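Heads up: numbering here begins at 1 and tracks the sequence. Keep in mind that this is a model prediction, so the values were computed, not measured.
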Amino acid sequence: MEFKRKDVWGLLLVLLLGQLVAFSMAASSFTSSLIANLGVDAPLTQSFFGYLLLTLVYVPIVLHRRQKLQIAWYWYLALAFIDVQGNYLVVKAYQYSYITSVTLLDCWTVVWVIILTWYALGTRYSFLQFVGAGTCVAGLALVLLSDAESTGEPDPSKIPLLGDALVIAGTVFFAFSNVGEEYCVKKKDRVEVVAMLGLFGLLISMVQILVFERKSLEAVTWSPTMISLFAGFAVAIFIFYTITPFVLKMSGATLFNLSLLTSDMWAVAIRVLFYHQQINWLYYLAFTVVAVGLIVYSLNESSSDNETAASAEAAAQYHQLQSEDDSTGSGQNSGIQERTHKEELHIC
């Protein structure tokens, strides 16, 4: 009973942290869409301030420890490069596509993560886990349907196909980033992972800003509204990267991305709060469907982990008993040989 209660509380904690990550993701999407609507095209600069916050907070902690990095720096560099490109492509997509399209195609991260964890990390999924993932995607489809019903006339300045292509490419980068970060936080120190991701992400963003966004930044009018939007995006990204390692360590990249699906519902709630728009009844149905899907997936993930741990423990006990039997057998054989040797000496 005690273990079951711990499992339930652990599950609730994972779901809560996942929803905090989803809310921060929704806040970053909200600020990105507002910045794009104001005519500012600076996705790398938006990410730069987020990486700057991570560097200022976590790098001093790593330096204070005065310990050698547990993972080689070039692996962190590669992980940060992949992460920066994913952020760039998805944020850039808001310039060309609608928020509903970005949200729809962003779900492909779940598919890529399942494929990558299956082949790269050897993760195996049960039928009910696939049912849970499919249920979450179905709930997201209801959110998109609700969003589409409230959408006005299309904007002629948009290029949806280009935006969709950017999002699809970004989801591939995010999948590699999530799986790589999951491996790092489960094997090594998560504070070091976040610190190095922030530091190398900051350096890579600076280089790419000088190459790709220098002219765009010169055209930006830094009004108090614009500064607050960039600051809000940076804080949301900071919260996102701070909580993400905990979710990845406690659950995995797949459940992490399934939790992010509810960021669309949080985005709808934010629009209602700020713009006082009416919410479609499909929103409540979608929230329930996604919640059920998350619970089905996480419960089956916990049971599969318990079965794996139990089988590993049984195997360890088997090897221990086998070694004890071998040692006992060898001890008996040595005793028999010693007695035989003594008898031969006595006869002589």
Side-chain angles (χ1 to χ4, degrees), residues 21 25 28 42-92 108-109 112-123 166-214 233-234 237-254 256-257 260:
V21 171
M25 193 68 179
S28 64
L44 289 170
T45 306
Q46 291 178 229
S47 301
F48 169 82
F49 288 111
Y51 292 124
L52 178 61
L53 279 180
L54 293 173
T55 303
L56 293 176
V57 173
Y58 289 103
V59 170
I61 298 176
V62 175
L63 293 176
H64 180 70
R65 294 176 176 177
R66 297 182 179 180
Q67 297 177 354
K68 186 179 179 180
L69 293 178
Q70 299 181 22
I71 299 177
W73 64 270
Y74 47 83
W75 290 113
Y76 285 128
L77 177 63
L79 183 63
F81 178 81
I82 293 172
D83 194 72
V84 170
Q85 308 320 307
N87 281 323
Y88 171 78
L89 291 170
V90 173
V91 175
K92 183 77 173 178
W108 277 104
T109 304
W112 304 132
V113 165
I114 290 177
I115 295 173
L116 285 175
T117 52
W118 182 283
Y119 287 103
L121 301 182
T123 306
L166 291 174
V167 177
I168 293 174
T171 58
V172 176
F173 282 101
F174 277 147
F176 277 98
S177 176
N178 292 341
V179 174
E181 192 173 348
E182 176 187 354
Y183 175 80
C184 292
V185 299
K186 285 188 174 182
K187 301 293 183 181
K188 306 298 179 181
D189 181 35
R190 57 179 173 266
V191 174
E192 177 183 300
V193 173
V194 176
M196 294 300 101
L197 188 63
L199 178 61
F200 286 111
L202 178 68
L203 298 176
I204 294 170
S205 297
M206 288 176 61
V207 173
Q208 292 188 339
I209 286 171
L210 293 175
V211 176
F212 299 109
E213 282 188 7
R214 188 169 51 182
F233 180 85
I237 290 296
F238 175 81
I239 296 173
F240 177 83
Y241 282 98
T242 298
I243 302 177
T244 293
F246 290 96
V247 180
L248 290 176
K249 189 174 182 66
M250 297 173 66
S251 59
T254 306
F256 166 74
N257 283 286
L260 290 185

From CG (Leu54) to CZ (Phe240), nearest 0.5 Å | 11.0 Å
Side-chain donor/acceptor pairs under 3.5 Å, residues 73-81, sequence neighbours excluded:
residue	atom	partner	partner atom	Å
Tyr76	OH	Glu192	OE2	2.6

Output yes when a side-chain donor or acceptor of Thr242 lies under 3.5 Å from a complementary backbone atom of Phe238, and no otherwise.
-> yes
Could you grab the distance from atom OH of Tyr58 to atom CG of Leu63, nearest 0.5 Å is fine?
-> 15.0 Å
Minimum heavy-atom distance Trp112-Ala175, with the two atoms named = CB-CB, 3.3 Å
Heavy-atom count around Phe176 CZ within 6.0 Å, excluding the residue itself: above 12?
-> no
Working to the nearest 0.5 Å, report the span between CD1 of Ile209 and CD1 of Ile204.
-> 12.0 Å
Indicate the atoms forming the closest heavy-atom contact of Ile71 with Cys184, along with that distance.
-> CD1-SG, 3.6 Å
Hey, could you give me the CD1/CE distance between Ile243 and Met25, rounded to the nearest 0.5 Å?
-> 13.5 Å
Do Asp83 and Tyr51 touch side chain to side chain, with heavy atoms closer than 4.5 Å?
-> yes
Among pairs that include at least one residue of residues 203-214, which meet side-chain hydrogen bond (donor to acceptor under 3.5 Å, both in side chains), considering only residues two or more places apart or in two chains?
-> Thr45-Glu213, Gln85-Gln208
Could you give the distance from OG1 (Thr244) to CD1 (Ile237), rounded to the nearest 0.5 Å?
-> 9.0 Å
About how many Å separate CG of Leu166 and OH of Tyr88, when rounded to the nearest 0.5 Å?
-> 8.0 Å
Thr171 side chain to Ile168 main-chain N or O, any donor-acceptor pair under 3.5 Å?
-> yes
Considering all heavy atoms of both residues, which atom of Ala234 and which atom of Gly50 are nearest to each other, and what is their separation?
-> CB-N, 3.8 Å
Is the backbone of Gly198 close enough, under 3.5 Å, to the side chain of Thr55 for a donor and an acceptor to pair up by distance?
-> yes
Does any pair with a residue in residues 59-69 pass side-chain hydrogen bond (donor to acceptor under 3.5 Å, both in side chains), and if so which ones, sequence neighbours excluded?
-> Arg65-Asp189
Non-hydrogen atoms of Pro43 and Val91 that approach each other most closely | CB-CG1, 3.5 Å
